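Before any comments, here is the structure.
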Amino acid sequence: MSLNVLKIAALAGDGIGPEVMREAVKVLHAVEKKHAITFQITEAPVGWAGIDAAGKALPDETLTLCRGSEAILFGSVGLPERDPTIPKEERPERAALLRLRKEFGLFANLRPVRLYQTLAHTCPLQPERQGDGIDLLVVRELTGGMYFGQPKKTEDVEIDGVKFRRAIDTMVYTTPEIERIAHVAFQSAQSRRKKVTSIDKANVLENGVLWREVVTKVGAQYPDVVLEHMFVDNGAMQLMLRPTQFDVMLCENMFGDILSDEAAALAGSLGMLPSASLGARSGERTFGFYEPAGGTAPDIAGKNLANPIAQILSTALMLRYTFGLNDAAMAIENAVGQAIDSGLRTGDIYTAKDPAARRIGTAEMGSAIAAAI
Ligand code: NAD
């Protein structure tokens, strides 16, 4: 791959967004020096910052910048306390976040969940259930299923003289939609521990039967990856009982929404969890949108308390999935591991019980990780 200038749109957003984005950019500059890469990082407002700057959660100039970039590095948007008179569809969560997902056809959501050994105390599971460490990847289909299926409505009905209201959501999946997300899961497993657990409800839902059939067919193209199927109710339980059995969990949209949050709890803090949302591959690049799993954390914003690791690890995912720079991605992940192993902790992962732990702020954590690179 030619190592020309790599164009990144950096949209920090609201709350802790700007603080953690600053640290991610610091780390990217360290990567530039170490790995002789040049990033063109252009910052633009989004969310309430977009409304303040240009009257819209996703200003036209920000969208134009995103269209001209190869990846979007996103902070978080939304401040629940701000201006309740603004209608839902103009508020940042819908007008910026959902709009960007739709605009760029981001059908694959990848959420790696990793519990660092030295942070075992932040995991809600007892040590014997953590095995040698929890390390799994949830691959969630993001643009199909019940979230988007039609019809979708609430209506007044009258049946046998009885009047009531009813709500209808429709779950629809087509074979191409299942195939493309299944390929993402199998390819991800190839560079991990080579196992895919496909989650469905094939004992009850037509969608589950088709999902299982298509995933099995796609799986046959990846003989080096072990495929197993699991019903979603059992999957939810197994995540709590024996999370170490999972490598890649492949889920449709709603099951993935629920299980990825359940899995996230295993890592102890939202501040540790990155995510990637990928679109279709075009040429040699896959357009991607990279963001921390958490939100704007208004309770700690502006106080140098936020953990920047989720944002920093999101940049590692960006280097890996959009730019194919696996070594640089690993350098970031190793630097994070080094900072954690040396005892550095933001408040969310700090415990006074650990004598080796040293409590530091957002900026200090970013600087330590950049220095480790
Ligand atoms: P949140 O994720 O912002 O916060 C939940 C809890 O986790 C808080 O106690 C917070 O302090 C903590 N937390 C989150 N990230 C952290 C970090 N990096 N370091 C340390 N602690 C961290 O969720 P919320 O309070 O429900 O939502 C606040 C706002 O964020 C809402 O407006 C919501 O819509 C928005 N939100 C945005 C996104 C996004 O932009 N993708 C995602 C989730 C929530």
Side-chain angles (χ1 to χ4, degrees), residues 9-24 27 44-51 57-58 62 66 72-84 86-102 104 106 109-111 113 116 119 122 124 140 142 147 256-258 260-261 264-277 288-315 317 336 339-340 344-351 359-366 369:
L11 315 185
D14 308 315
I16 60 169
E19 294 167 68
V20 293
M21 182 66 81
R22 204 172 300 132
E23 302 316 308
V27 168
V46 72
W48 286 103
I51 294 173
L58 183 61
T62 301
C66 293
I72 301 172
L73 189 58
F74 195 83
S76 308
V77 292
L79 295 170
E81 306 290 312
R82 283 263 325 241
D83 200 349
I86 294 198
K88 263 189 202 154
E89 46 294 347
E90 289 171 29
R91 298 183 80 80
E93 288 87 339
R94 284 202 196 181
L97 201 53
L98 294 189
R99 171 89 200 278
L100 283 167
R101 279 184 190 161
K102 206 165 163 203
F104 292 101
L106 304 169
N109 181 236
L110 281 70
R111 248 210 235 181
V113 175
Y116 292 83
L119 295 183
T122 62
R140 168 188 170 196
L142 205 57
Y147 290 71
D257 191 6
I258 299 166
S260 61
D261 267 24
L266 298 172
S269 170
L270 271 175
M272 296 295 295
L273 293 171
S275 85
S277 300
F289 177 97
Y290 302 88
E291 63 173 336
T296 58
D299 51 335
I300 56 168
K303 298 177 181 160
N304 197 35
L305 290 176
N307 187 342
I309 290 180
Q311 188 80 58
I312 290 169
L313 289 175
S314 298
T315 66
L317 297 183
V336 168
I340 295 291
L344 301 179
R345 306 276 186 270
T346 42
D348 55 315
I349 51 175
Y350 176 80
T351 167
R359 190 171 172 157
I360 56 169
T362 312
E364 294 73 32
M365 181 63 98
I369 295 168

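For ligands, and for the atoms within them, numbers begin at 1 and follow the listed sequence. Please read these numbers as outputs of a predicted model, since none were measured by experiment.
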Distance dump, ligand 1 polar atoms to protein, N/O, under 3.5 Å:
from	atom 1	to	atom 2	distance (Å)
ligand 1	2 (O)	Gly295	N	2.7
ligand 1	3 (O)	Gly295	N	3.4
ligand 1	3 (O)	Thr296	N	3.2
ligand 1	3 (O)	Ala297	N	2.7
ligand 1	9 (O)	Asp299	OD2	3.0
ligand 1	11 (O)	Asp299	OD1	2.9
ligand 1	11 (O)	Asp299	OD2	3.0
ligand 1	18 (N)	Asn307	O	3.0
ligand 1	19 (N)	Asn307	N	2.9
ligand 1	30 (O)	Thr296	N	3.1
ligand 1	30 (O)	Thr296	OG1	3.2
ligand 1	32 (O)	Gly78	O	3.4
ligand 1	32 (O)	Glu93	OE2	3.0
ligand 1	34 (O)	Glu93	OE2	2.6
ligand 1	40 (O)	Val77	N	2.9
ligand 1	41 (N)	Glu291	OE1	2.9

> Should Thr346 and Arg359 be marked as a side chain to side chain contact (heavy atoms under 4.5 Å, CB included) after you check the CA-CA gap, both sets of side-chain angles, and the distance that decides it?
Replying inline: CA-CA 6 Å; Thr346 42; Arg359 190 171 172 157; over 6 Å; no
> Is it true that the NZ or CZ of Arg140 lies under 6.0 Å from the centre of Tyr147's six-membered ring and within 45 degrees of the ring axis?
Replying inline: yes
> If you measure from the Lys or Arg side-chain nitrogens to the Asp or Glu carboxylate oxygens, is any gap between Asp257 and Arg111 under 4.0 Å?
Replying inline: no
> Can you tell if the side chain of Lys88 reaches within under 4.5 Å of the side chain of Arg94, non-hydrogen atoms only?
Replying inline: yes
>> I'd like to check Met272 versus Leu119 (side-chain heavy atoms, cut-off strictly below 4.5 Å). Are they in contact?
In response: yes
>> Just to verify, what does Tyr290 make a ring pair (Phe, Tyr, Trp, His ring centres under 6.0 Å) with, not counting sequence neighbours?
In response: none
